[in-house]
Amino acid sequence: MLAEQILSLNLTTRKICKNCENGTVISQKMRLLYLLRNDVLSPKDLVGDLSIAKPNLTILARNMVAEGLIEKLRVENDMRAVNYKITEKGKEELNRMILELNEYIVGRLDAATELSEGEKSLEAALSFLSGVK
């Protein structure tokens with residue numbers, strides 16, 4: 001059933017890289033950097049996209065700001081509100097994480113055919129899921 005496959009994909013991607021050399025997990029940090037890679041987003045947007053509670057986002061964002069991976073931007077017309085933006089250091093870290101994850105996944109596939117078929121299947125699934133509201 002499609003719903004079960006989507007649920008399985010979601011759960012699998014959350015733990016896919018626990019055995020990577022550097023212990024990388026598709027973490028909230030990686031997901032947050034990925035969401036911010038092209039956009040400046042509000043906490044409200046991020047809480048919804050990451051499916052986490054606002055206090056958890058606050059802690060995650062505070063730590064990532066301290067690491068220099070993201071920055072806080074005050075909203076011009078409401079100085080109490082903030083948005084988040086990825087930094088150059090954050091982009092570099094995201095690219096490193098993606099490369100490591102890709103190496104891990106490719107290393108687990110036996111043949112180029114498997115890789116090609118897997119990519120096609122994932123592209124089809126993502127295309128479908130992008131249209132689901």
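Taking the side chain as every heavy atom from C-beta outward, Leu35 and Leu46 approach each other to under 4.5 Å. Side chains of Lys29 and Leu69 form a contact here, defined as non-hydrogen atoms less than 4.5 Å apart. Side-chain contact between Leu94 and Arg37 is present, with at least one heavy-atom pair separated by less than 4.5 Å. Residues Ile70 and Leu36 have side chains in contact (heavy-atom distance under 4.5 Å, counting atoms from C-beta outward). Residues Tyr84 and Lys72 form a side-chain contact, since some pair of their non-hydrogen atoms from C-beta on lies under 4.5 Å apart.
No continuous path of ILVMFWY side-chain contacts below 4.5 Å connects Val40 to Leu32, so the two sit in separate hydrophobic clusters.
Of the inter-residue distances, the one linking Ser51 atom OG with Arg31 atom CZ reads 6.5 Å to the nearest 0.5 angstrom. Separation of atoms CD (Glu100) and CE (Met30) is listed at 8.5 Å; rounding is to 0.5 Å. Going from atom CG of Leu60 over to atom CG of Leu50 covers 7.5 Å, rounded to the nearest 0.5 Å. Met64 contributes atom CE, which lies 10.0 Å from atom CD of Gln28 (distance to the nearest 0.5 angstrom).
No side-chain donor-acceptor contact under 3.5 Å links Arg62 to the backbone of Ile59. Between the Lys89 side chain and the Glu67 main chain, a donor and an acceptor come within less than 3.5 Å of each other. Using modelled atom types, no side-chain atom of Ser42 and backbone atom of Asn83 make a donor-acceptor pair closer than 3.5 Å. Of the possible polar contacts, one joining the Asn95 side chain to the Lys91 backbone as a donor-acceptor pair under 3.5 Å is found.
Across every non-hydrogen atom of Leu33 and Met97, the tightest pair is CD1-SD, 4.3 Å.
Considering only residues two or more places apart in sequence or on other chains, Glu92 meets the salt bridge (Lys or Arg N to Asp or Glu O under 4.0 Å) condition with none of them.
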